[in-house]
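Lettering of chains follows the sequences in order, A, B, ..., and the numbering in each one begins at 1.
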Amino acid sequence: MKTAIKIIIHDALEKARRAGELKLSPFPEVVVEKPKDEKMGDFSTNVAMTLARSERKNPQAIAESVVRHLKNGSDDLRQVEIAAPGFINLKMSREFFMERLRSVVKQRDDFGKTNVGQGVKVMIEFVSANPTGPLHVGHGRGAAVGDVLGRILKKAGYDLSTEYYINDVGNQMNLLGKSTWLRYRELLGKAVEFPDDHYRGEYIKDIADQIVAQKGDEFLNKPEEECLPFFRKYAKDNILKGIKKDLAEFRVTFDNWFSEQSLYENNSVATAIEWLRGKGHVYEKDGAVWLKSSAFNDDKDRVIVKQTGEKTYFCSDIAYHQNKIDRGFKKIIDLMGADHHGYVPRMEAVLKAMGFDEKTFTILLVQFVSLLRAGKKVSMSTRAGEFKTLADVVSEVGVDVARYYFLMRSSDTHLDFDLELAKKETPENPVFYIQYAHARICNIFRAAEESGVVWSSSDAVNLALLNEEEELGIIRAVLAFPEVVEKSAQALEVHRISHYLLDMVSRFHSYYSRHRVISDDKALTLARLFLLDAIRITIRNGFALLGISAPEKM
RNA sequence: GCGCCUGUAGCUCAGCUGGAUAGAGCAACGGACUUCUAAUCCGUAGGUCGUAGGUUCGAGUCCUACCAGGCGUGCCA
């Protein structure tokens, strides 16, 4: 919608230049926004102010000149005003809005689609939690944000792939295998000493239990080294299966699950190191191999091969990202928990060293989640305290609520997730507020059908009857949806969608309480049903982006 | 010490990449169900945008310094 306005203003500027009134070098970027107060107009632009300096004229004079050329341009304009200190406020004709409202209903599920992405290949990697235990609430936030970001990017016209990187090698895997093996021995009556740095969770015992059931004491008298590979793999597979199940229930799916181990098996890690060595980005010191990341803005150089000959986690991550580049992704997004933020500069250094445009590599940090119950912090310790896994939270509050809570705040602020508040079906809980609007609309359609109204979205419906101030406000809000999607995609911010829906829907609730939709005035009834259909479509499409259901009854 | 995030109404948070008189929800107070769903709506009250400077026509937004909270600063992942 705003692009249409941009073009109109652009044309007016062009005419002003030809008339010799403005120099326009350089030609300014036209910024169109919505005025704070809807009474001032439907749109406004500040070009006159931004031009003041380069034109060496005062904004008022520039605005006057632009407006002169605006007036005899477009049928869509109803009124043009200049406001101090130089804003140009535009009011659009009714037809301008009504045409677009019709197109919302025609587009249905596609409403909100844009093409800012222009089919650019994007990879977004998220969650990527070690398969050493079930997902916790923090992972849940990352999962929700990553998943929704993906949906938004797709809607905005990107060619998107989502991926989960599985850290299935290295020290953590060894600890996992060892932990399981120890629990196994314990179950079979051996006295074991369980080290502090091993995985102590109950789930390890469950896995050991399964192994006992399947394999009996087969491993009891074998040496540790012979047992560990089996325990490692068994525990990993088991936990990974659980992670996949939890995510699926949370409505999060991935296009690809990428194994770290595969990078070793096909020699990618070694190849990556050699490649960097060839470029002179790698050197040896103290018996280890270092990446010269400090040459690319990192605080210091980083070890990629330890003295022991083992590769670090960072090392395979280098190979992994080289792999992403090789697969042709032009935009690479990594989601990480904020506790990993120390990792950002070195990762950026790697991408720079590999010659990848730094502007198209983004690490998004998702801040912590504090789980509360009625205002009191829920302990997140591994000890069998209160709810701590994602699955637990989901089963308590439901998927819709859980997702909404993770998505309602900007991801770079800490999030308080209060379980009691989340369960309340009151205005304190915005999910229900939005869902209720949808259910209400569906109910009106049911009532209309029951009373014999035959509604349609045909062009014969006279939208000019939508004259109420509230109606025009809602129409404007509905039509803004594609821009919200676009902005979310550009800023990589999911919470904009939640906030938008809340605002749009509150206009509907307010409208609902002031005006009846179904009345004896048949033409007006049809026009209002048309509007409600558009609102309903927008709620559904918005919820589809958030992965939240839109119930027809509540 | 250094780095990252945050600081906006009593509470939880927005603020559209620098625009017009800083906005919602909750909590408080007062109203609205004989109607298409009251899981709703209407009204009142609530502010030194952490502090101090700077940049300009214009700053909650940008730059600098400081204060407070969180996180990080491994040959862990």
Given B/C71, B/U12, B/A77, the nucleotide with the shortest approach to the side chain of A/Asp416
B/U12
Please state how far atom CG in A/Asp299 lies from atom P in B/G1, giving the value in whole angstrom units.
16 Å
Give the rounded distance in Å between these two atoms: NZ of A/Lys34 and P of B/G19.
15 Å
What nucleic acid atoms does A/Met408 come within less than 4.0 Å of, heavy atoms only: base, sugar-phosphate, or nothing?
nothing
Nearest to side-chain heavy atoms of A/Met49, which nucleotide of B/G19, B/C36, B/G69:
B/G19
Could you tell me how far B/C63 sits from B/C16 if I compare only their P atoms? Round to whole Å.
15 Å
Between the base of B/A77 and the side chain of A/Asp339, is one N or O donor paired with an acceptor at under 3.5 angstrom?
no
Looking at A/Phe543 versus A/His438, is the centre-to-centre ring distance below 6.0 Å?
no
Residues A/Arg496 and A/Glu486 bridged, charged N to O under 4.0 Å:
no
Rounding to the closest angstrom, what is the interatomic distance between B/G31 and B/A38 at atom C1'?
14 Å
Name the nucleic acid region contacted by A/Ala439, choosing base, sugar-phosphate or nothing; use a 4.0 angstrom heavy-atom cut-off, strictly under.
base
Work out how far the C1' atom of B/A52 is from that of B/U40, and round it to whole angstrom.
47 Å
Regarding A/Asn46, tell me which of base, sugar-phosphate or nothing describes its non-hydrogen contacts under 4.0 Å with the strands shown.
base
Under 30°, 30 to 60°, or over 60°: which ring-plane class applies to A/Tyr512 and A/Phe508, parallel, tilted or perpendicular?
tilted
For A/Asp286, report the nucleic acid contact type (base, sugar-phosphate, nothing); a contact means any heavy atom under 4.0 Å.
base
Any chance the side chains of A/Ser259 and A/Gln261 put a donor and an acceptor closer than 3.5 Å?
no
Regarding A/Tyr512, tell me which of base, sugar-phosphate or nothing describes its non-hydrogen contacts under 4.0 Å with the strands shown.
base
Closest nucleotide of RNA chain B for A/Val303 versus for A/Pro59: which of these residues is on the 5' side?
A/Pro59
Closest nucleotide of RNA chain B for A/Asn167 versus for A/Ser510: which of these residues is on the 5' side?
A/Ser510
With a non-hydrogen cut-off below 4.0 angstrom, is A/Gln307 in contact with a base, only sugar-phosphate, or nothing?
base
Which nucleotide wins on minimum distance to the side chain of A/Ile518, given the candidates B/C41, B/C36, B/G70?
B/C36
B/C33: syn or anti, with syn meaning chi within 90° of zero?
syn
Mind checking if A/Arg409 touches a base, just sugar-phosphate, or nothing, with heavy atoms under 4.0 Å?
sugar-phosphate
Please report the distance separating the C1' of B/A22 from the corresponding atom of B/U48, rounded so that it comes out in whole Å.
13 Å
For nucleotides B/G10 and B/C71, find the distance between their C1' atoms and express it as a whole number of Å.
28 Å
Rounded to whole Å, please give me the gap between CG in A/Asp503 and P in B/G23.
14 Å
Parallel, tilted or perpendicular: which fits the ring planes of A/Tyr343 and A/Tyr313, with parallel below 30° and perpendicular above 60°?
tilted
Minimum-distance nucleotide (side-chain atoms of A/His414 versus B/C5, B/U40, B/A20):
B/C5
Contacts of A/Arg277 that satisfy side chain to side chain donor-acceptor pair (under 3.5 Å) - sequence neighbours left out
A/Glu274, A/Glu284
Ring-base stacking, A/Phe87 with B/A20 (5.5 Å, 30° cut-offs):
yes
Quick test of the criterion, 5.5 Å between centres and less than 30° between planes. Is A/His340 stacked on B/A77 or not?
yes
Testing B/C36, B/A20, B/A38 for proximity to the side chain of A/Arg516, the answer is B/C36
Under 4.0 Å between a side-chain N/O of A/Arg514 and OP1 or OP2 of B/A32, yes or no?
no
Under-4.0 Å side-chain N/O to phosphate OP1/OP2 contact, A/Tyr500 with B/G15
no
Which nucleotide in the list B/C76, B/U17, B/C5 gets nearest to the side chain of A/Lys487?
B/U17
Apply the syn/anti split at 90° from 0 to B/U55 and say which one it is.
anti
Does the side chain of A/Tyr511 come under 3.5 Å of the side chain of A/Arg528 through a donor N or O and an acceptor N or O?
yes
N/O donor-acceptor pair, side chain A/Ser513 with base B/A32, under 3.5 angstrom:
no
Looking only at B/A77, B/C75, B/U40, the nucleotide nearest the A/Asn130 side chain is B/A77
Looking at every strand, decide which applies to A/His438 at a 4.0 Å heavy-atom threshold: base, sugar-phosphate, or nothing.
nothing
A/Tyr165 and A/Asp334: side chain donor to acceptor below 3.5 Å
no
With a non-hydrogen cut-off below 4.0 angstrom, is A/Ser506 in contact with a base, only sugar-phosphate, or nothing?
nothing
Reckon A/Ala338 touches a base, only the sugar-phosphate, or nothing at all at heavy-atom distances under 4.0 Å?
sugar-phosphate
When you check the phosphate oxygens OP1 and OP2 of B/A39, does a side-chain N or O of A/Tyr436 lie under 4.0 Å from one of them?
yes
Where the side chain of A/Arg302 is concerned, which of B/G74, B/C76, B/G19 is the nearest nucleotide?
B/G74
Under 3.5 Å side-chain donor-acceptor pair for A/Tyr320 and A/Glu260:
no
Output row for RNA chain B, stems defined as at least 3 consecutive Watson-Crick or G-U pairs under 3.5 Å, is B:1-7 with B:67-73, B:10-13 with B:23-26, B:28-32 with B:40-44, B:50-54 with B:62-66
A/Phe417 six-ring face occupied by A/Arg141 cation (under 6.0 Å, within 45°):
no
Assign A/Lys300 to base, sugar-phosphate, or nothing according to its heavy-atom contacts below 4.0 angstrom with the strands shown.
sugar-phosphate
When rounded to the nearest Å, what value does the distance between C1' atoms of B/C67 and B/A28 take?
32 Å
Selection from B/G19, B/A14, B/C5 that lies nearest to any side-chain heavy atom of A/His495
B/A14
Scanning both residues in full, the closest heavy-atom pair of A/Ala156 with A/Ala489 reads CB-CB, 3.6 Å
Using 30° and 60° as the class boundaries, would you call the ring planes of A/His509 and A/Tyr436 parallel, tilted or perpendicular?
parallel
Less than 4.0 angstrom between a side-chain N/O of A/Lys306 and OP1 or OP2 of B/C76, yes or no?
yes
Students often get this wrong, so: under 4.0 angstrom with heavy atoms, is A/Asn174 touching a base, only sugar-phosphate, or nothing?
nothing
When you check the gap from the basic side-chain N to the acidic O, do A/Glu468 and A/Arg514 get nearer than 4.0 Å?
no
Mind checking the P distance from B/U12 to B/A27? Whole angstroms is fine.
15 Å
Go through the side-chain N and O atoms of A/Asp400 and A/Gln435 and say whether any donor and acceptor fall under 3.5 Å apart.
yes
So which of residues 341-348 of chain A are in contact with RNA chain B, with a heavy-atom cut-off of under 4.0 Å?
A/His341, A/Gly342, A/Tyr343
Given B/A77, B/U17, B/A14, which nucleotide is nearest the side-chain atoms of A/Ala491?
B/U17
A/His499 (side chain) and B/A24 (base): donor-acceptor pair under 3.5 Å
no
Considering only the C1' atoms, how many Å lie between B/C11 and B/U73, rounded to the nearest integer?
34 Å
